[in-house]
Every structure is written in structure tokens, then in C-alpha cells.
Amino acid sequence: MAADSNIKTDSDIKTDGDVKIGFIGIGTLGRGLALALDAAGRPVTAAASRRRESADWLAARIPGCIAMDAAQPVADACDLVFITTPDGAIAGVASGVDWRSGQGVAHCCGAASVELLESAADAGAAVGALHPFQTFAGLSEPADAARRLDGVTFAIAANGWLESYLPNLAAALGGRAIAISDELRPLYHASAVLGCGYVATLLHAAISLWEPLGLHADDGASAVMPLVRATVEAIANAGTLAAATGPAVRGDAATTAAHLAALTHHAPHLAPLYRELTIATLPLAQGKGVSPQRLAELADAIAGFR
Ligand SMILES: NC(=O)c1ccc[n+]([C@@H]2O[C@H](COP(=O)([O-])OP(=O)(O)OC[C@H]3O[C@@H](n4cnc5c(N)ncnc54)[C@H](OP(=O)(O)O)[C@@H]3O)[C@@H](O)[C@H]2O)c1
């Protein structure tokens, strides 16, 4: 755990552990992060959301957290407010609140930086962006939220007292802070989407192919999931190159062409995806020592399905 630092707000000087934290927008991340902060001993004292029941959900799980009917009372009651609405709503929510000079306002968007909080900065607030490189989807137990942040990377941009406070907060949650320049945050966030959301998209596609096989999607999920778990484990243990398998990394043009032909017939919407993934796999095939000639055969086989 990081050492406390002195924080000067408009009203007094506090240590990290005394900073009262509020949330506006109690969805997937707002729930998970608030629960994790509570588990780390940080005072989460107020919550508001578009629907009152969402704020009530959090207040029922965090002792000392009060559900509010609107954003302003959360801002009035807290030293630091996380705006955890969808990305597109953050700037609008921020500009609808009267912020105090010296208080902290942060969001958790990965692709954007503190520019979303310009209205709060104009009012003299310290502003920050703290993006956990983690998903909060599918949490069922409050304690899981804290476990899920252990060892996680947080991309942080901040000014004022949040410059030291937010990295300390990441450390208190068991994570590590990194700085990404504002212009590169969309690229950084694309990495998160490829590693998380689009994994779900890819597996959805893999499972969906079990329907044209005449089987149920549940059969597909049962077949695919052990494969996915073993693959993720192999990647974690040995890296992507060692874990990469399949016809493309073996330089097998005939099987790759057969897959593309079958997809074109039974699931044509997935053929372009398979083709692009094959192209993205070529550097791995090269890394595994597939000869230039076999790589050229693969490229020819793919070109036939343009
Ligand atoms: N999901 C993740 O795992 C994850 C990971 C890293 C970063 N993030 C970031 O976290 C932020 C939130 O994402 P999310 O996935 O949690 O989205 P989400 O599940 O859609 O939750 C956002 C919540 O904000 C509330 N909301 C919407 N508009 C609002 C408004 N104008 N005022 C107050 N509350 C409003 C909604 O609450 P009601 O239920 O009350 O309608 C909704 O449940 C985003 O910036 C995202 O980039 C998410």
C-alpha cells in the first residue's frame, strides 16, 4: 500500500484515506470500482445514477454510502467524485454540476483524457482520468471486485492533488499506475478492446458456428470454453507465439482455404473476419519458422476469398 500524501482541498488538508469518494453513474464499472474501494478501506460516501435503484443497489452494499437523487448532492458531499457514466455522457454530466475549487473529479474512460472534465477544471477542480485495464462484467460477489483489480494496470492522467492521489489509489487497489500521453490513449484503449470485448465477439462467432452444424449454441459453448481456457493459460505461461496454433501458423494453405470456403457457404458474414485474422496471424507463422514459400501460398489462398 502506498504512503498517504497530504491533499489540499478547498476546506482542509486530508490524507488519502480520509478523502470522501462519490460516484455518479452506477453501472458495470461504477459498481465494481466502488466495491473495490470500499474493500480497500476507502470511504465511498455517496452515489447517484440515472435511475435511483442503481444508487440504492450500491448504498445497500457499502456501509456509510448514501444514495442521492441527483449528481449535485454527490458533488457537494464528496472530496472526489468519479463520473462513471458511459463515455459519451461524462462531459455533459460534468458540465451540469457546480464544482468547488479544490475538489477532485475523475472519470474511468480509457480512450479519452481529462479534456472531458474541462468544465470542472474551469471551476478550479483537480481533474483526472483513471482507467483500469480490466473488465468488471459478470461480477456476482462484491469481494470479486477487489480480487479482480489485483495486479491490474491503471492508465492515469491527472492534475492538481490527483496527480499523486490517483497513482496511490491504484496501488492501494493492488494495481500499478502507468502514464499514457493523451493522444495515444485511443491506441492504448484499442488494446483493451482487442483483449477483452472483441474476445467475447470472437467467441460469440466461434459458438455461433455450432448452429449450422445442427447443434445447440450450448453445445458450442461447452466445446469452445475448455479450448479458450487452455489457450489463455498457454498464452499466460508461454506467450502468444508459443500458444499460437491452427492452420495459418502451420503454413497450411489448403485447410485455411477449406475453412474460408465453408464459412462463405454457411456463415458468409464471418468469412471476412476469418480472412483478416489469418492475415494478422502471418507474423506469428513467420515467427514459428514457416517458410517464405508457404507464407506466399497462404497469402494466395486468402486472396481467393476477397
Ligand atoms: N465496463 C467495464 O468493465 C469498464 C472497464 C474500464 C473502464 N470502463 C469505463 O467506465 C465507464 C462506465 O462504463 P460501464 O461499462 O460501467 O457503463 P454502464 O454499464 O453502461 O454503466 C453506466 C451507468 O451510468 C448511468 N448513467 C447513464 N447516463 C447517466 C447520466 N446522464 N447521469 C447519471 N448516470 C448515468 C447508468 O445508470 P442507470 O443504471 O442508473 O441507468 C449506467 O448504468 C466508461 O467511461 C467506461 O469506458 C468500463
Side-chain angles (χ1 to χ4, degrees), residues 21-37 44 46-61 65-78 80-99 105-117 119-120 127-140 142 144-158 166 169-170 173 175-178 180 182 185-201:
I21 301 172
F23 278 81
I24 300 170
I26 313 300
T28 310
L29 175 127
R31 290 171 190 222
L33 182 59
L35 291 170
L37 287 170
V44 177
S49 201
R50 194 173 39 187
R51 292 174 302 141
R52 169 71 194 218
E53 66 207 67
S54 300
D56 286 340
W57 185 96
L58 195 66
R61 284 161 179 80
C65 178
I66 298 169
M68 309 281 199
D69 283 322
Q72 189 64 52
V74 175
D76 293 344
C78 297
L80 167 62
V81 177
F82 281 100
I83 302 177
T84 48
T85 62
D87 295 350
I90 293 169
V93 168
S95 64
V97 170
D98 289 329
W99 302 102
V105 188
H107 67 69
C108 296
C109 169
S113 186
V114 293
E115 71 278 3
L116 295 182
L117 303 174
S119 54
V127 293
L130 171 136
H131 175 259
F133 206 83
Q134 179 57 291
T135 177
F136 290 87
L139 286 172
S140 51
D144 291 344
R147 271 198 291 276
R148 210 174 266 198
L149 283 173
D150 195 33
V152 159
T153 298
F154 290 76
I156 294 174
L166 290 180
L169 195 67
L173 290 167
R176 70 178 183 121
I178 59 165
I180 301 283
D182 288 359
R185 276 180 83 97
L187 184 66
Y188 151 86
H189 192 239
S191 169
V193 174
L194 281 171
C196 175
Y198 284 173
V199 171
T201 307

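For ligands, and for the atoms within them, numbers begin at 1 and follow the listed sequence.
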inquiry  = Please find the pair of heavy atoms, one from Ala177 and one from Ile156, that lie closest to each other, and give the distance.
reply    =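 Between these two residues, the closest heavy atoms are CB-CD1, 3.7 Å.
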Spacing of [atom1] belonging to [X] relative to [atom2] belonging to [Y], to within rounding of 0.5 Å:
X: His131; Y: Leu166; atom1: NE2; atom2: CG; value: 14.0 Å
X: Leu130; Y: Leu33; atom1: CG; atom2: CG; value: 7.0 Å
X: Phe154; Y: Ile178; atom1: CZ; atom2: CD1; value: 11.0 Å

Distances only, to 0.1 Å: what are the N or O pairs between ligand 1 and the protein that fall under 3.5 Å?
residue	atom	partner	partner atom	Å
ligand 1	3 (O)	Phe136	N	2.8
ligand 1	16 (O)	Thr28	N	3.2
ligand 1	16 (O)	Leu29	N	2.7
ligand 1	19 (O)	Thr28	N	3.0
ligand 1	19 (O)	Thr28	OG1	2.8
ligand 1	34 (N)	Arg50	N	3.2
ligand 1	37 (O)	Ser49	OG	2.9
ligand 1	39 (O)	Arg51	NE	3.4
ligand 1	39 (O)	Arg51	NH2	2.8
ligand 1	39 (O)	Ser54	OG	2.7
ligand 1	40 (O)	Ser49	OG	2.7
ligand 1	40 (O)	Arg50	N	3.2
ligand 1	40 (O)	Arg51	N	2.7
ligand 1	40 (O)	Ser54	OG	3.1
ligand 1	41 (O)	Arg50	NE	3.0
ligand 1	41 (O)	Arg50	NH2	2.8
ligand 1	41 (O)	Arg51	NE	3.2
ligand 1	45 (O)	Asp87	OD1	2.5
ligand 1	47 (O)	Asp87	OD1	2.7

NZ/NE/NH1/NH2 to OD/OE distance under 4.0 Å, Arg147 and Asp150 =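 Between Asp150 and Arg147 there is no salt bridge, as every charged N stays at least 4.0 Å from the carboxylate O atoms.
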query = How would you list, by chain and number, every residue that makes a side-chain contact (heavy atoms from CB on, under 4.5 Å) with Thr85, sequence neighbours excluded?
reply =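 Partners of Thr85 under the side-chain contact (heavy atoms from CB on, under 4.5 Å) test: Ile83, Ala89, Ile90, Val93.
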